[in-house]
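The chains referred to below are lettered A, B, ... by the order of the sequence lines, with proteins before strands, and numbering in each begins at 1.
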Amino acid sequence: MTSSHSNTRLSPETILIAVAWPYANGHLHAGQIAGAYLPADIYARYHRMLGNHTLMVSGSDSHGTPVTVRAESEGTTPTEVFERFHESFLDTFNRFGISFDLFTTTDTENHAKVTQDIFLTLLERGYLYEAEQTLLYDPQADRFLPDRYVEGTCPHCEYTQARGDQCDDCGRTLDAFELINPRSKLSAASPVPKTTKHHFIKLSAFNDSLTEWVTQQTHWRPAVRNFTLGMLREGLHDRAITRDIDWGISVPLDGYENKRIYVWFEAVIGYLSATKEWAQIEGRPDDWKNWWQNSESRIIYFQGKDNVPFHTLIWPAMLMGYGDLNLPYDVPANQYVTISGSKASTSGNWAIWMPDYLDRYDPDPLRYALTVLMPETSDSDFSWSEYVRRNNDELVARWGNLVNRVLTITRRNFEGRTPATPSSLSQESETLLRRVDDAFEIVGEQINEVQLRRALASTMEIAQGTNQYLEERAPWSAVKNDPEHAGETLHTAINAISGITTLLQPFLPFTCAAAWDFLGHSGEVQEAGWGRTPVAGETLLPEPSPLFRKLDDSIVEEEEAALGT
RNA sequence: GGCAGGGUAGCUCAGAGGCCAGAGCAGGGGCUUCAUAAGCCCUUUGUCGGCGGUUCGAUUCCGCCCCCUGCUACCA
């Protein structure tokens, strides 16, 4: 292997890739994929190819009020609802190539055990306390109402559809008790105040240690770090972590039979419990410690921006309180992807639903489109016309066609085999191959820093450079009067393509697997390591077929018409 | 209201205290024909949101203002 990669960190590294837990009350859409799952997958595939101890985990968030509400409106059980969408998630990840080592759920015995242990330990150490709280209660639905499940008239602007947490009309933050004529969103009933007892986590006790810790995280994205520091400057509020519901994890205390541990407290614990579950499945139950207690390991949380405080404040506070577990190394949260200029909306059907997409199109073009516009610094916009254009101009014409044209000329003129290895290489050929080899370090570092759009652009530039190289060397004419020159060119181009295929594998795993086979390689590209695998002279080349399908412009209109219906 | 991010070519976006502010696409011109009518070269366009300030010099730093997006913690 001629890899030029040199890793400045200790190698192999130990890396836990912790990905957002999707709420199991609907299918996944492209915005969630671009925000968390795809960047995590690219990152994981790269680190696996480097040979690092890489583990990628997540699971379905199966608890919470929306799951219960959906179950009731469908006349079924919460279990049925979350299991249905858990299956949908697994199917999406499988078809889209999101390569989890374990994608579990929060409804396992293991997770309940880990959660209860953390709960009791924090209680023992004085980080939890019991207090009374008065909340709005829906007597008809027999349930306490989160602020946003209460509607009424805004006391400031008299908008009649204001939610209990915020008025959508004037934008002001509200307290549900301020609403005039409050109504429950779950029934027609008027909510009434009711006092209840809960456990609170003393987040305020961690304000100083969190501030000190976050201040040191200068490698975090500015948006994530500034936002977090801003909240710390305001001062953290203690939060209730139990609820009067019956769907969720039991509170391990007497007198709490009718309460459950609240979802946001237990869902983040899923990262730890999933690691433990994976270790048990592997038959090495202590292996979770490699990621959570080894000071050399890095834990990276891939999230959408709405989840930042849970991963930069609340979960770290819980970890500090529990002790002896690694704090997050980074939380490279993404902004949002809008669809044709508007924010994705589940209820308005304004989204690219992954099951629908995968029924109609191939995974790699969407992986490509979403990576190219990954919202790493600001919100970005997905449109079907850009999707089609990028597929046709960039994947089909620039990269797919490069592979196809080189292999086709070669097979036709060199008896179906790679030309013999040239005795010496021209300046241009050497330059091209060096550029490919150097890219492993450059692109690798960009992936490691989670600058994925830049990493993909860097790689695609090399594909373009290979097209330029071919133009200059015109092997299609050289083959007639200077076969040796043509042979050197095509041998070099095939080797460049081999390197580019490996570089693209984290981004486009399906088509790179195909390209790998067309190059006459055996085995799998993801097993080849992060470096260019040379193609020897006289390698038998199988008949290639196009890596990407050209898409017709008509799908733009079709797909856009389906939005919002 | 508060906080955060953003406002850069027709479009989608990069970028950086100072050589002519960039890329891809779109538009215009040319070359090529191996390839999925694919490839390559050349080329037009910008008051870098507005107003002040710091500086020898700012679009890049600071202040104020306008606009967009998100968050504002019992949705997670």
So which nucleotide does B:G27 pair with, by the Watson-Crick or G-U wobble rule with both distances under 3.5 Å? B:U43

Please give the distance between the P atoms of B:G7 and B:C61 as a whole number of Å. 11 Å

Provide the distance between the two P atoms, one in B:U59 and one in B:G1, to the nearest whole Å. 29 Å

note: A:Ile261, atom CD1; B:C74, atom C1'; distance rounded to Å ~ 16 Å

Position toward the 5' end of RNA chain B (nearest nucleotide), A:Gln133 or A:Trp476: A:Trp476

Considering only B:C71, B:A35, B:G2, which nucleotide approaches the side chain of A:Glu234 most closely? B:G2

Indicate yes or no: does A:Arg549 engage A:Asp362 in a salt bridge with an N to O separation below 4.0 Å. yes

In whole angstroms, the gap separating P of B:U69 from CZ of A:Phe382 amounts to 21 Å

Taking the minimum atom-to-atom distance to the side chain of A:Ile409, which one of B:C34, B:G5, B:C25 wins? B:C34

Using atom P in both nucleotides, what's the gap between B:C51 and B:A4 to the nearest angstrom? 25 Å

Within the supplied structure, the quantity of interest is the number of heavy atoms (other residues, nucleotides, ligands) at a distance under 6.0 Å from A:Glu557 CD; does it exceed 12? no

Among B:C40, B:A38, B:G24, which nucleotide has an atom closest to any side-chain atom of A:Ala397? B:A38

Quick check on B:G5: is either OP1 or OP2 less than 4.0 Å from any side-chain nitrogen or oxygen of A:Asn226? yes

Which of parallel (below 30°), tilted (30 to 60°) and perpendicular (above 60°) describes A:Tyr271 and A:Trp21? perpendicular

Counting the atoms with a prime plus P, OP1 and OP2 as sugar-phosphate, which does A:Gly235 contact under 4.0 Å by heavy atoms, base, sugar-phosphate, or nothing? base

When you compare B:U60 with B:A37, how far apart are their P atoms, in angstrom units rounded to a whole number? 47 Å

Looking for any heavy atom pair under 4.0 Å, which part of the strands does A:Asp61 touch: base, sugar-phosphate only, or nothing? sugar-phosphate

Take the protein atom CG of A:Asn391 and the nucleotide atom P of B:A38, then report the distance between them rounded to whole Å. 12 Å

B:C75 to B:C68 separation - C1' atoms, rounded to the nearest Å: 24 Å

Would you mind reporting whether A:His29 and A:Ile352 have side-chain heavy atoms less than 4.5 Å apart? no

Would you say A:Arg454 places a side-chain N or O within less than 4.0 Å of OP1 or OP2 belonging to B:G15? yes

With a 4.0 Å cut-off, would you call A:Glu151 and A:Arg183 a salt bridge? yes

Over all strands shown, is A:Leu470 touching base, sugar-phosphate only, or nothing at heavy-atom distances under 4.0 angstrom? nothing

With nearest nucleotide decided by heavy atoms, which residue, A:Ser545 or A:Val372, maps closer to the 5′ end of RNA chain B? A:Val372

B:G2 versus B:C20 - spacing of their P atoms, nearest Å: 42 Å

Is it the case that over 12 heavy atoms from other parts of the model lie below 6.0 angstrom from the CD atom of A:Glu130? yes

Any base atoms under 4.0 Å from A:Ile314, or only sugar-phosphate, or nothing? Heavy atoms, all strands. nothing

Between P of B:U69 and OH of A:Tyr336, the distance in whole Å: 14 Å

Using purine N1 to pyrimidine N3 plus N6-O4 or O6-N4 for Watson-Crick, or N1-O2 and O6-N3 for G-U wobble, both under 3.5 Å, which nucleotide pairs with B:A37? none

Applying a 4.0 Å non-hydrogen cut-off, can you work out what A:Leu402 is touching in the nucleic acid: base, sugar-phosphate, or nothing? nothing

Quick one: does A:Asn401 reach the base of B:A38 with a side-chain donor-acceptor pair under 3.5 Å? no

For a quick test of reading the model: is some side-chain N or O of A:Arg398 closer than 4.0 Å to OP1 or OP2 of B:A38? no

Separation of B:C25 P from A:Tyr368 OH (nearest whole Å): 10 Å

Can you tell me, in whole Å, how much space there is between the C1' of B:G46 and that of B:A9? 5 Å

Need one value for A:Arg549: base, sugar-phosphate or nothing, where a base atom within 4.0 Å counts as base even if backbone is also close, heavy atoms only. nothing

Using Watson-Crick geometry (N1-N3 plus N6-O4 or O6-N4) or G-U wobble (N1-O2, O6-N3), each under 3.5 Å, B:A21 is paired with none

At under 4.0 Å between heavy atoms, what does A:Asp381 touch on the DNA or RNA strands: base, sugar-phosphate, or nothing? sugar-phosphate

Any base atoms under 4.0 Å from A:Glu461, or only sugar-phosphate, or nothing? Heavy atoms, all strands. nothing

Taking B:G24 as the reference, what is the distance to B:U33 when you measure between their C1' atoms (whole Å, please)? 25 Å

Need one value for A:Thr410: base, sugar-phosphate or nothing, where a base atom within 4.0 Å counts as base even if backbone is also close, heavy atoms only. nothing

Expressed in angstrom and rounded to an integer, what is the separation of A:Trp247 atom CH2 from B:C74 atom C1'? 20 Å

Could you tell me the Watson-Crick or G-U partner of B:U60, where both distances fall under 3.5 Å? Say none if there is no partner. none

A:Arg225 CZ to B:G5 P, straight-line distance once rounded to whole Å: 12 Å

Remember a base hit wins even if backbone is also touched, and classify A:Pro546 as base, sugar-phosphate or nothing at under 4.0 Å, heavy atoms. base

Contact class for A:Val263 (heavy atom, under 4.0 Å): base, sugar-phosphate, or nothing? sugar-phosphate

Among B:U36, B:C40, B:C13, find the nucleotide with the atom closest to the side chain of A:Arg453. B:C13

Would you mind telling me which of A:Lys259, A:Arg143, A:Lys197, A:Arg260 makes a salt bridge (charged side-chain N to carboxylate O under 4.0 Å, His left out) with A:Asp244? A:Lys259

Separation of B:A37 C1' from A:Asn404 CG (nearest whole Å): 14 Å

Which listed nucleotide (B:A38, B:G39, B:C71) is nearest to the side chain of A:Lys550? B:A38

By the 4.0 Å heavy-atom rule, please label A:Tyr149 as base, sugar-phosphate, or nothing. nothing

Please check if the number of heavy atoms outside A:Asp246 that lie under 6.0 Å from its CG is greater than 12. no

What is the pairing partner of B:C74, taking Watson-Crick or G-U wobble pairs with both distances under 3.5 Å in any strand? none

Please walk me through it: do A:Phe85 and A:His27 pass ring pair (Phe, Tyr, Trp, His ring centres under 6.0 Å)? CA-CA 6 Å; A:Phe85 291 110; A:His27 298 289; 5.2 Å; yes

Let's test your reading of the model: under 3.5 Å, does the base of B:G39 pair with the side chain of A:Glu471 as donor and acceptor? yes

Which part of the nucleic acid does A:Phe144 contact within heavy-atom distance under 4.0 Å: base, sugar-phosphate only, or nothing? nothing

